[in-house]
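Structure record follows, encoded as structure tokens.
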Amino acid sequence: MADKPHLLDLNLQEWSEYIIGIGHKKYRARQIFEWLHTHLELDVTRFSNIPDDIKNHILNDFYTTPAKVVKHLKSTDGTEKILFEMKDQKFVETVWLKLRNRNTVCVSSQAGCSLYCEFCMTAKGKFQGNLSTGEILEQVYIFKRLVGETVNNVVIMGMGEPLMNYDAVMKACNLLNHDFGLNIGLRRITVSTAGVLPGIKKFINNEEPYNLAISVHSLNHDVRLKIMDAEKKWPISDLVKYLIENKHNLKKNKLTIEYLMIGGLNMTSRDAKELGYLAQKLDAKINLIPLNFEFDDYKRPDEKSIDAFFQAVKHCGVQVFNRSSPGYDIQAACGMLKYQTV
Ligand code: SF4
């Protein structure tokens, strides 16, 4: 028997088909959708305006157990992190950040990751599979209910490679943007990728309306190969060529280049110039992130080198930000999420 869908997996159209299929009127679909996506109520028994017959059908046909909050950590800088346990003992971490007065949730798209990056703790754990749309959404919904504040921004930058779980991720983005849901603006939803070229092509060809953040980290094939196995399959030269040829399809200011600063590896003045030149060509902005999870002999660069690299990139006349990621003390910063907190 096929797995039961998660309660949050369905869009409004699919709820309508389900409700009609069990012999009820279509307007019930909207009522159920609002319980789930407006009121964030995941307990079907509390849908007070829904007849018992429908509730019993739902309880029978769907996976209705909400993700369990195993651990909820709070940083001294206001960042929070939850370790969730999901269906089939999948563990994922999710981060709540206050960035420039915006409440941002950094969401995981896979339990573990199907790719391997040297600088990332997630890569050291076991890959447990893709998350469903519902499992992606409930990270936001449960966190929002616990914190009790509005969510203004969602970044799919937690554990996993979002474009390796394309359909579930895009459906989750559409539901986050839905008028009867959290109604998060298109420009406030960002999908990140380690450079999965087939997924990037699909994203651009489908004209997905969300921001795209691409982890570049080096424009040199040999250097990138040392730190990201994505480089084996999708070399940076192919990626850059494709982006430049298709830049007219990327809406202005929708593309961000993520660049991890790793002392002694990718911070020469030539690296800075090449990076600035690429951003200029693509009308992209650049986020520079100092290394958080140190590996081999590579260390987080000192403040002086960070500033020198930042200035060298800025000199190219592009929009560049130094994003020293918050939540370091609770291992919630970029590259620090793992599948089980001990
Ligand atoms: S950085 Fe992203 S793509 Fe790379 S291993 Fe970590 S989660 Fe996966």
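Both counts, for ligands and for their atoms, begin at 1 and track the order of listing. Just the heavy atoms: all of them, side chains too, but no hydrogens, waters or symmetry mates, feed the values below.
Contact annotation: C117 places no N, O or S atom under 2.8 Å from atom 8 (Fe) of ligand 1. Among the atoms of C120, an N, O or S atom is found under 2.8 Å from atom 6 (Fe) of ligand 1.
Protein heavy atom in closest approach to atom 8 (Fe) of ligand 1: C113 SG, 2.3 Å. The protein heavy atom nearest to atom 7 (S) of ligand 1 is G160 N, 3.4 Å.
One finds the CG atom of L265 at 4.5 Å from the OH atom of Y298 (value rounded to the nearest 0.5 Å).
With a 4.5 Å cut-off between side-chain heavy atoms of Ile, Leu, Val, Met, Phe, Trp and Tyr, the cluster of M157 takes in V155.
There is no side-chain donor-acceptor pair under 3.5 Å between E135 and Q139.
Each of the following atoms of ligand 1 lies closer than 4.0 Å to a heavy atom of A123: 5 (S). Ligand-side atoms of ligand 1 in range of L115: 5 (S), range being under 4.0 angstrom from any heavy atom.
Applying the 6.0 Å contact sphere to NZ of K273 captures no more than 12 heavy atoms from other residues, nucleotides or ligands.
Scanning both residues, K124 and Y116, for their nearest heavy atoms gives NZ-OH, 2.8 Å.
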